[in-house]
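A short worksheet on the structure shown next.
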Amino acid sequence: MLRQPLSAKRKHYERLWKAVMRLSVGLTAALVLLLLAYVLAKGAPHITWGLLSTRPSYLTGKIGILPDILNTLYIIIATLLLVLPLGVGAAIYLTEYAASKRVVSVIEYAAETLSGIPSIIYGLVGMLLFSNNMGTCLLAGALTLVIMNLPTIMRATQESLKTVPQSYREGAFSLGAGKWRVVRTVVLPGCVDGIVTGCILSVGRILGESAALLYTAGFAHALYGMLDGLAAPGATLTVALYVYAKEQGEFNVAFAIAAILMVLTVLVNFAAALVQKYFTKRRSA
């Protein structure tokens, strides 16, 4: 079929919208780059080994963020250990086992609603449910983050499960495999990229969360091991940034923490892209 030539008016209209789209892309990229450059320029000069490897002392006035780094690591590990089985299990049930489409749609709607709730609301709910019962501690913050990240893991796993061809399941069933064996040995290995991507994106959200943790995990800067740390209050890097900037006026330290968080966020997104590319290549090979 021959393509009809565009009129002069249509050509000008098309060029205008192409220019608008290019301008939008350019402005978005410029804002991101300017934000990165500004935060790194203000924070990078203040990142020292002493800052990263020591804990703060109110007697000597020394400032260190080692407890905040460890608290961030503890809360990431605790959250992922809890949210991954729940999210992946819910996705498997909704995709492979649930027979009622109405039930599936209700649960999916509830998950979408959860993902749109402001984090400060999660903080208040986490304080009432967890902190009032077990005290202000990292575990209470991790449980709150589990509720926050559950929709992300569940939806990412669901969409990945749907990409596995139905013929794979039918072939396994024809060989006499049971339902759970098919899910475990055929379906899950074929959608591991979606699970890993959802996990990495959840890590990025955990890194950037502060409002919910202020109400549940607290903002102490004490140094603990992992088991003791989960049972004690502690500040993550984002909460420490808020405390140093808002409460103590240590803006150099706040910008240093912001620079570390920006670098970590970029690395998390880069890792998600690499993982997705790796599994896409492996699947097509």
Drop me the distance from [X]'s [atom1] to [Y]'s [atom2], to the nearest 0.5 angstrom.
X: Leu237; Y: Leu70; atom1: CG; atom2: CG; answer: 9.5 Å
X: Thr79; Y: Arg205; atom1: OG1; atom2: CZ; answer: 11.5 Å
X: Ile257; Y: Asp68; atom1: CD1; atom2: CG; answer: 6.0 Å
X: Ile47; Y: Ile65; atom1: CD1; atom2: CD1; answer: 7.5 Å
X: Arg155; Y: Leu150; atom1: CZ; atom2: CG; answer: 12.0 Å
X: Leu214; Y: Ile120; atom1: CG; atom2: CD1; answer: 7.5 Å

**OP:** Would you mind telling me which of Val266, Leu31, Val263 makes a side-chain contact (heavy atoms from CB on, under 4.5 Å) with Leu36?
**Re:**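 Considering Val266, Leu31, Val263, a side-chain contact (heavy atoms from CB on, under 4.5 Å) with Leu36 is found only for Val266.
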**OP:** Please name the residue in the list Thr236, Leu213, Asn149 that meets the side-chain contact (heavy atoms from CB on, under 4.5 Å) test with Ile206.
**Re:**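 Only one option passes, and that is Asn149.
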**OP:** Using the test ring-ring contact (aromatic ring centres under 6.0 Å, His included), find all partners of His46 that sit at least two apart in sequence or belong to another chain.
**Re:**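 Checked His46 against ring-ring contact (aromatic ring centres under 6.0 Å, His included); zero matches.
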Where the side chain of [X] meets the backbone of [Y], is there a donor-acceptor pair that is under 3.5 Å apart?
X: Tyr244; Y: Ile63; value: no
X: Glu209; Y: Ala212; value: yes
X: Thr163; Y: Ser160; value: yes
X: Asp228; Y: Tyr224; value: no
X: Thr157; Y: Ile195; value: no

Surrounding [atom1] of [X] (heavy atoms of other residues, nucleotides or ligands, distance under 6.0 Å), is the total greater than 12?
X: Arg184; atom1: CZ; answer: yes
X: Phe219; atom1: CZ; answer: no
X: Leu227; atom1: CG; answer: no
X: Lys179; atom1: NZ; answer: yes
X: Phe173; atom1: CZ; answer: yes

If you group Ile, Leu, Val, Met, Phe, Trp and Tyr by side-chain heavy-atom gaps below 4.5 Å, do [X] and [Y] land in one group?
X: Val268; Y: Val32; value: no
X: Ile76; Y: Leu145; value: yes
X: Leu40; Y: Leu35; value: no

Original post:
Can you list every ring pair (Phe, Tyr, Trp, His ring centres under 6.0 Å) pair that touches residues 77-124, not counting sequence neighbours?
Top reply: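 Applying ring pair (Phe, Tyr, Trp, His ring centres under 6.0 Å) to every pair that reaches into residues 77-124, excluding sequence neighbours, yields nothing.
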If every non-hydrogen atom of [X] is compared with every non-hydrogen atom of [Y], which pair is closest and at what distance?
X: Ser119; Y: Ala211; value: OG-CB, 3.7 Å
X: His221; Y: Ala240; value: CE1-CB, 4.1 Å
X: Leu230; Y: Ala78; value: CD2-CB, 3.9 Å

Subject >> side-chain contact (heavy atoms from CB on, under 4.5 Å) between Val83 and Val146, intermediate numbers included >> reply: CA-CA 5 Å; Val83 77; Val146 166; 4.2 Å; yes
**OP:** Could you check whether the rings of Phe255 and Tyr38 sit parallel, tilted or perpendicular, using 30° and 60° as the cut-offs?
**Re:**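 The arrangement is perpendicular - the two ring planes meet at more than 60°.
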**OP:** Kindly indicate whether the side chain of Phe130, heavy atoms from C-beta on, has any atom under 4.5 Å from the side chain of Thr216.
**Re:**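 Side-chain contact under 4.5 Å: no.
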